[in-house]
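Data first, discussion second: the structure below is written as structure tokens.
The analysis underlying the following values was restricted to heavy atoms, covering all of them including side chains, and did not include hydrogens, waters or symmetry mates. Labels below follow one simple rule: chain letters A, B, ... track the order of the sequence lines, proteins then strands, and each chain is numbered from 1.
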Number of protein chains: 2
Amino acid sequence: MTHKRDREATRARLLECARLRFARDGYDGTSVRDVAGDVGVDPALVFRYFGSKSKLFTEAMATSSAPVVLPDGPVDELPAKLLRQLVFEDWAEYAGEHPLIAMLRSASHDDMRDRVRQQVCDGYLGVLQELADGNEDADLRTELFAAWLLGIGILRTAVGTPTLAKATEADIAPHLAAVGEALFGRPIPVPEVPT
Amino acid sequence: MTHKRDREATRARLLECARLRFARDGYDGTSVRDVAGDVGVDPALVFRYFGSKSKLFTEAMATSSAPVVLPDGPVDELPAKLLRQLVFEDWAEYAGEHPLIAMLRSASHDDMRDRVRQQVCDGYLGVLQELADGNEDADLRTELFAAWLLGIGILRTAVGTPTLAKATEADIAPHLAAVGEALFGRPIPVPEVPT
DNA sequence: CAGCTAAGTCATCGATCGATGACTTAGTCT
DNA sequence: AGACTAAGTCATCGATCGATGACTTAGCTG
């Protein structure tokens with residue numbers, strides 16, 4: 001029965017609470033004292049463990065027990081999987097929203113902006129690109145589709161538009177198929193929604 | 001030749017600089033001292049004129065010499081007009097972005113969130129709704145289209161995705177027509193782009 | 001010029017924030 | 001038990017922020 005004082009456990013709890021705060025209130029809206037208070041620990045400990053608020057943010061966004069993993073599988077099913085992950089998955093560790101959308105709350109800082117762009121470009125645009133193969137303007141079509149998914153997520157949670165906020169995956173699925181086909185010129189199957 | 005000291009002129013300059021700062025750096029990222037400094041005036045004057053930082057923000061976002069005016073005209077042309085206004089118009093007074101997107105930078109505050117939602121719902125969704133007439137899920141289709149426009153704007157300027165950031169209105173126009181038709185089941189004319 | 005009014009300034013307060021370094025306490029090992 | 005180490009705390013600094021109230025000065029009028 002060792003460790004009531006457990007460095008790694010405390011560190012992990014700090015990261016967990018930091019994730020929630022940063023996702024919900026943004027970088028500026030979250031103080032180190034807030035995070036430390038959630039854990040019930042002295043604020044100075046945060047600096048001992050992470051060095052600075054900025055490094056705490058970086059590590060909190062990078063590490064998660066439910067990490068963001070890009071979907072794979074047949075290309076035709078990617079749009080539906082991305083919709084599910086970006087819009088409908090309940091990212092409990094990030095206050096309910098997808099980490100990317102949560103991170104946009106802190107995007108008034110240039111380095112956060114860069115981080116979001118890099119994540120979008122290197123991640124989501126890459127897996128979508130295959131869908132646009134064979135079309136001219138393939139890159140543009142890809143980004144336009146990504147813009148749609150991102151916009152849906154933002155309108156749903158960050159803005160809180162009435163109909164979209166209540167919409168289910170099954171409600172949106174047929175329109176996903178229609179828009180996907182319009183952009184990529186190939187049939188996009190309606191995802192199976194678990195009932 | 002009266003008035004080197006002109007209350008209304010100074011007020012107007014304060015509002016102008018506040019708009020730029022708030023749009024570029026967000027609410028938290030902008031200090032009253034910043035705005036006063038831009039105008040070359042004492043920070044205390046800001047409180048004398050506007051009462052509080054929050055009221056300064058409200059008035060700065062509400063008043064503009066280039067006010068946001070919802071497009072009208074034939075419904076078929078609305079999507080193209082909205083795309084132009086939301087994504088391609090250079091809102092110089094708001095640091096280049098549409099006021100709505102600029103305002104999203106301050107959306108970590110709940111009242112800002114409410115303001116954005118109200119503007120979207122009462123404004124843009126209203127003028128778009130007519131396009132979805134006759135479809136089932138009319139409200140949902142409308143919001144999905146609005147989400148697309150918003151997402152394009154955000155990906156273009158706030159995130160800075162490479163292809164979209166360089167895309168012109170003429171590049172996007174054909175895809176606008178395709179997606180619009182997919183969502184609304186009616187032909188959406190490609191907008192005439194001035195050359 | 002005198003004097004009034006309004007535009008603008010100065011000094012300052014209280015709170016909060018990120019950050020630092022010295023200190024205290026809990027847990028383990030001999 | 002006593003000492004050593006690492007986990008956590010305390011006191012505090014310096015900067016910044018929003019906000020307030022008393023003060024100064026510019027500009028018009030008689």
Hey, does the side chain of B:Arg5 come within less than 4.0 Å of D:dA26's phosphate (OP1/OP2), counting only N and O? no

Identify, between B:Ser52 and B:Arg48, the residue whose nearest nucleotide on DNA chain D lies closer to the 5' end. B:Ser52

Contact class for B:Phe50 vs. all strands (heavy atom < 4.0 Å): base, sugar-phosphate, or nothing? nothing

Upstream residue (5' side of DNA chain D) when A:Arg33 and A:Asp42 are each assigned their closest nucleotide: A:Asp42

How long is the line joining CZ of B:Phe47 and C1' of C:dT12, in whole Å? 14 Å

Remember a base hit wins even if backbone is also touched, and classify A:Ser54 as base, sugar-phosphate or nothing at under 4.0 Å, heavy atoms. nothing

Answer yes or no for A:Lys53 and A:Tyr27: cation-pi contact, defined as NZ/CZ to six-membered ring centre under 6.0 Å and angle to ring axis within 45°. yes

B:Arg21 CZ - D:dC17 P separation (whole Å): 10 Å

Is there a side-chain contact between A:Ser31 and the phosphate of C:dT16, meaning an N or O under 4.0 Å from OP1 or OP2? no

May I ask you to decide if A:Ile188's main-chain N or O and A:Asp76's side chain share a donor-acceptor pair within less than 3.5 Å? no

Tell me: CG of B:Asp34 to P of D:dT16, nearest whole Å? 11 Å

Determine whether a donor-acceptor pair (N or O, by modelled atom type, separation under 3.5 Å) exists between the side chain of B:Thr58 and the backbone of B:Ser54. yes

Please tell me which of B:Ala44 and A:Lys53 maps to the more 5' nucleotide of DNA chain C, matching each residue to the nucleotide holding its nearest heavy atom. B:Ala44

Between CD of B:Glu8 and C1' of C:dG8 the distance, given in whole Å, is 15 Å

Could you tell me whether A:Arg24 and A:Glu97 make a salt bridge, using a distance below 4.0 angstrom between a side-chain N and a carboxylate O? no

In whole Å, what is the span from the CG atom of A:Leu45 to the C1' atom of C:dT20? 14 Å

Compare the minimum distances between each of D:dT9, C:dG8, D:dG18 and the side chain of A:Val41, then state the nucleotide with the smallest one. D:dT9

Can B:Arg84 and B:Glu169 be counted as an ion pair, charged N to O under 4.0 angstrom? yes

Is the phosphate of D:dG8 approached by A:Tyr49 (side-chain N or O, under 4.0 Å from OP1 or OP2)? yes

Tell me: CG of B:Leu14 to P of C:dT9, nearest whole Å? 10 Å

Value in whole Å for how far the C1' atom of C:dT28 lies from CZ of A:Arg7: 17 Å

